[in-house]
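Below is one structure; the comments refer to it alone.
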Amino acid sequence: MRERKEFRKVSLKKRAEVLGMLLEEFDAEKYERTIRGEGREEGREEGKKEGLKIGMRLSIEILQETNQTREDAKKKIAEKYSVSEDEAERELLLYWKGN
């Protein structure tokens, strides 16, 4: 029982020392810069995806207005935007008028 108490006492002391060392090493400014950088990267990725969707939508409208067939439009969207034909088809379902 006494050994247990001693062990606990030493263990708590060591834990406090380790925690103190960690807090001394922690750089709050660096942490905040990292978090902001990750947020900016996520924002850029979301912007790219949104831009791709807008581009596909506008291209689909133009292809339809120039009397392209739906099948040709699907192939052109897949090719120009480097997406699968399945993805191009999903976009056509959303934006091709008179599905």
Here the gap from Trp96 atom CH2 to Leu63 atom CG, rounded to the nearest 0.5 Å, amounts to 6.5 Å
Between Ala78 and Ala88, the two heavy atoms sitting closest are N-CB, 3.9 Å
I would like to know whether Glu45 and Lys49 meet salt bridge (Lys or Arg N to Asp or Glu O under 4.0 Å); could you show each step before the answer?
-> CA-CA 6 Å; Glu45 286 302 314; Lys49 288 178 185 177; 5.9 Å; no
Tell me, with the steps shown, if Ile77 and Lys74 meet side-chain contact (heavy atoms from CB on, under 4.5 Å).
-> CA-CA 5 Å; Ile77 294 296; Lys74 177 170 66 172; 6.0 Å; no
Look up atom CE in Met56 and atom OH in Tyr95, then write down how far apart they are to the nearest 0.5 Å.
-> 8.5 Å
Measure the OG-CD distance between Ser82 and Glu87 for me, rounded to the nearest 0.5 Å.
-> 12.0 Å
Shortest non-hydrogen contact from Thr69 to Asp72?
-> OG1-N, 3.0 Å
Would Glu50 and Lys53 satisfy salt bridge (Lys or Arg N to Asp or Glu O under 4.0 Å), going step by step from the backbone distance to the final call?
-> CA-CA 5 Å; Glu50 186 64 27; Lys53 294 281 187 185; over 6 Å; no
Could Lys75 and Glu79 be called an ion pair, given the rule that one side-chain N must be under 4.0 Å from one carboxylate O?
-> no
When rounded to the nearest 0.5 Å, the distance separating CZ of Arg40 from CD of Glu38 is 10.5 Å
Determine yes or no for a side-chain-to-main-chain donor-acceptor pair under 3.5 angstrom, with Tyr81 supplying the side chain and Gly55 the backbone.
-> yes
Decide whether Lys76 and Gln68 meet the rule of one side-chain donor and one side-chain acceptor closer than 3.5 Å.
-> yes
Quick one: pull up CD in Glu41 and CZ in Arg36 and give me the separation to the nearest 0.5 Å.
-> 15.5 Å
At what distance, to the nearest 0.5 angstrom, does CD of Glu65 lie from NZ of Lys97?
-> 6.0 Å
When hydrophobic residues are tied together by side-chain contacts of less than 4.5 Å, even through go-betweens, does Leu58 share a cluster with Ile60?
-> no
